[in-house]
Amino acid sequence: DAGVIQSPRHEVTEMGQEVTLRCKPISGHDYLFWYRQTMMRGLELLIYFNNNVPIDDSGMPEDRFSAKMPNASFSTLKIQPSEPRDSAVYFCASSLGREGARGQYFGAGTRLSVL
Amino acid sequence: KNQVEQSPQSLIILEGKNCTLQCNYTVSPFSNLRWYKQDTGRGPVSLTIMTFSENTKSNGRYTATLDADTKQSSLHITASQLSDSASYICVVGAGTASKLTFGTGTRLQVTL
């Protein structure tokens with residue numbers, strides 16, 4: 001398996017624009033997680049899905065953020081409208097089971113810069 | 001509030017030396033503790049996972065210990081290599097749903 005695949009790797013946009021980040025989890029994994037990482041706050045869990053259903057979105061910072069998982073092999077994280085403080089690296093991770101015997105498998109991340 | 005604190009924030013060691021990274025947590029009820037390694041520009045990779053009943057776990061040159069009484073964990077790296085240069089993140093799971101709390105990491109640099 002190619003692992004968790006995220007796209008794009010880098011995104012530069014202007015404040016107010018809509019941003020969509022994409023994730024393809026590892027085939028067969030039933031949990032998918034979206035994280036945000038900044039120097040100041042480290043890794044923060046935004047939302048996670050189980051079998052394509054959102055389970056906990058308490059980490060989503062505000063209504064500008066939304067996430068969907070239309071099927072087992074694809075998820076999106078959308079920011080609309082984007083703001084400079086959204087600049088961060090966004091990671092998608094997947095696991096088999098909530099715990100994941102070997103932890104969660106992370107993608108390479110999307111580095112977002114909002115100007 | 002659940003918290004995970006790691007020390008030191010950063011560390012520089014010579015290749016071949018050993019080092020120990022610390023993780024203190026105030027997470028309740030404790031479920032498990034994980035150590036991740038994150039290379040620059042990459043996503044974190046799991047090194048070890050320990051539950052309440054485990055007090056040590058090894059993965060090659062990496063050995064994690066857990067003291068559930070003092071709520072402390074350490075990650076010991078033996079005979080460091082240049083490829084060990086990375087950030088090491090301690091993550092603690094709480095409750096049956098294992099809500100995760102992340103430390104901010106220790107940045108390790110191994111030099112010649």
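Residue numbers begin at 1 in each chain, while the letters A, B, ... track the order of the sequences. Model, not experiment: these values are computed from the prediction.
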Worksheet entry | Expected output: side-chain A:Q6 to main-chain A:Y90 donor-acceptor under 3.5 Å | yes
CG (A:D63) with more than 12 external heavy atoms under 6.0 Å = no
Contacts of A:L115 meeting side-chain contact (heavy atoms from CB on, under 4.5 Å) (sequence neighbours excluded), chain-then-number -> A:V12
By residue number, those in residues 55-63 of chain B with heavy atoms under 4.5 Å from heavy atoms of chain A are none
Worksheet item: Does the ring center of B:F30 lie less than 6.0 Å from the ring center of B:Y25?
Response: yes
### Task
Using only heavy-atom distances, determine whether the side chains of B:T65 and B:S74 contain a donor-acceptor pair under 3.5 Å.
yes
The interface call for A:Y35 against chain B, heavy-atom contacts under 4.5 Å, is side chain
Honestly, the part of A:S58 sitting under 4.5 Å from a heavy atom of chain B is side chain
Among A:E44, A:R41, A:R111, A:Q37, the residue with the most heavy-atom pairs under 4.5 Å to chain B is A:Q37
Sorted by chain and residue number, the side-chain hydrogen bond (donor to acceptor under 3.5 Å, both in side chains) partners of B:S87 (sequence neighbours excluded) come out as B:R107
Residue pairs meeting disulfide bond (SG atoms under 2.5 Å apart), one or both in residues 49-98 of chain A, sequence neighbours left out, come to A:C23-A:C92
Note: vs chain A, highest number of non-hydrogen pairs under 4.5 angstrom among B:P44, B:G105, B:G43 is B:P44
Note to self: Whether A:E18 and A:R64 form a salt bridge (side-chain N of Lys/Arg under 4.0 Å from carboxylate O of Asp/Glu) is what I want to check.
What the structure shows: no
Honestly, the part of B:I89 sitting under 4.5 Å from a heavy atom of chain A is side chain
